[in-house]
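A short worksheet on the structure shown next.
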2 protein chains.
Amino acid sequence: MDQVDRILAQWRTERPDLDVGPMGTLGRMSRLFRHLREELDKVYLEYGLSQASFDVLATLRRAGEPYALSPSMLIEWTMVTSGTMTNRVDRLEAAGLVERRRNPDDRRGFLVGLTEQGRVLIDEAVTAHVANQHRLTAALTAEERQAFDVLVAKWLSAFEENEG
Amino acid sequence: MDQVDRILAQWRTERPDLDVGPMGTLGRMSRLFRHLREELDKVYLEYGLSQASFDVLATLRRAGEPYALSPSMLIEWTMVTSGTMTNRVDRLEAAGLVERRRNPDDRRGFLVGLTEQGRVLIDEAVTAHVANQHRLTAALTAEERQAFDVLVAKWLSAFEENEG
DNA sequence: CTCCTTTATCTTGATATCAAGATAAATACT
DNA sequence: AGTATTTATCTTGATATCAAGATAAAGGAG
């Protein structure tokens, strides 16, 4: 009997006409997701980062040398709006973790590149982040996690099937 | 090969020292969750609501007659801060969906109650919301969804085991 | 070459959230 | 009763986000 069960029990009393099975699935998933995000945030914070800034730095890092992408590419990978990305890059630039490099061939845009300080930081932070992800997924056995992956991938494909 | 696979492939090239298996699990889950939230928002919007306002109204509705709770109870159920709840109640009150009722026994606080308009609206919205949840979970068979529920409940219990 | 459209990014204004502090009333302690 | 503590809620200030519009440069049509 967790919090979600209590919510479902209330609905069954108040609105017995509704079949709230899916609400249990989505509700528990939502709570789990919330806990996971909180735990991930703790590690980001150890490196002075947030989910938002970590995402930008990690996207640049895993793009490979020279660790630089246009704002448009960053927007595409991180799925935020242009206004949000401007703000994120501004903050990271002020912190000395990225720099805007003018593109001589197209003066509309430029590249956002990791500084040496930014590269060192994100490499350390990613190592800790991955270790944290291992810790957080350890509640399931390897077999359970694999079964979970299959189900999530199937479900996800209902939304992204045409994008592969 | 979805977007998450591409991200993992990048990491395996750039940081072959990292075991990014859990990142796949969490990454796909995160994307799935994002899609689900977007789809849920669409139905909230049909009733002029957001996730935030729906949550408050639904919490009051499922509490049963007389559909009224203190801000403290609402904060507990919805897991937001007091400042956030003040803001939410302000909006809902301005929209005529809830009203603040003074508690004669404790003048520090009061009760937030559904207006008749609020009760009618949330009853309609919940019906549509539950139908939407059925639609969104239909990507999995009943057996798959049940297996998924078991795994999520187990994982969730790692975070909430002492709260049941 | 000039004008129009598209692309790339930034700016503005509105909203939601949180943390921390303020306010006010109830309760407990002496 | 009088003071201190706790509880309940609101206020303030900072941050992040988005949608829509502004700005500037590139590319295409004639």
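So that the names make sense, note that chain A is the first sequence line, chain B the second, and so on, each numbered from 1.
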Problem - A/Arg91 CZ to D/dA14 P, straight-line distance once rounded to whole Å - result: 11 Å

Practice task
Can you tell me the distance, in whole Å, between the CG atom of B/Asp41 and the P atom of C/dA16?
Solution key: 12 Å

Handout entry: Rounded distance (Å) that lies between atom C1' of D/dA24 and atom CG of A/Asn103
Key = 15 Å

Exercise for the section: Answer yes when A/Arg31 and A/Asp2 have at least one side-chain N-carboxylate O distance shorter than 4.0 Å, and no when they do not. Expected result: no

Exercise for the section: Give the rounded distance in Å between these two atoms: CZ of A/Phe54 and C1' of D/dA16. Expected result: 19 Å

Problem - Side-chain donor-acceptor pair present, A/Asp149, B/Thr25, cut-off under 3.5 Å - result: yes

Handout entry: Side chain of A/Ala52 - closest among D/dT17, D/dA19, D/dA25
Key = D/dT17

Handout entry: nucleotides 5-11 of chain C: protein proximity per nucleotide (B base, S sugar-phosphate only, - neither; heavy atom, under 4.0 Å)
Key = --BSSBB

Exercise for the section: Would you indicate, yes or no, if C/dT15 has its OP1 or OP2 atom less than 4.0 angstrom from a side-chain nitrogen or oxygen of B/Arg88? Expected result: no

Practice task
In whole angstrom, give the distance that lies between atom CE of B/Met79 and atom P of C/dT17.
Solution key: 13 Å

Exercise for the section: Please report, rounded to the nearest Å, how far the P atom of C/dT15 is from the CG atom of B/Leu45. Expected result: 15 Å

Practice task
Can you tell me the distance, in whole Å, between the OH atom of B/Tyr44 and the P atom of C/dA16?
Solution key: 15 Å

Practice task
Report the relative orientation of the aromatic rings in B/Phe148 and A/Trp155; use parallel for angles under 30°, tilted for 30 to 60°, perpendicular for over 60°.
Solution key: perpendicular

Practice task
Using the rule that two of Ile, Leu, Val, Met, Phe, Trp, Tyr join whenever any of their side-chain heavy atoms come within less than 4.5 Å, decide whether A/Phe159 and B/Leu26 are in one cluster.
Solution key: yes

Practice task
Return the value, rounded to whole Å, for the distance between atom CZ of B/Arg37 and atom P of D/dC18.
Solution key: 10 Å

Handout entry: Residue pair B/Ser30 / A/Arg37, side-chain donor-acceptor N/O under 3.5 Å
Key = no

Practice task
Please check if any side-chain donor atom of B/His35 sits under 3.5 Å from a side-chain acceptor atom of B/Glu39, or the reverse.
Solution key: no

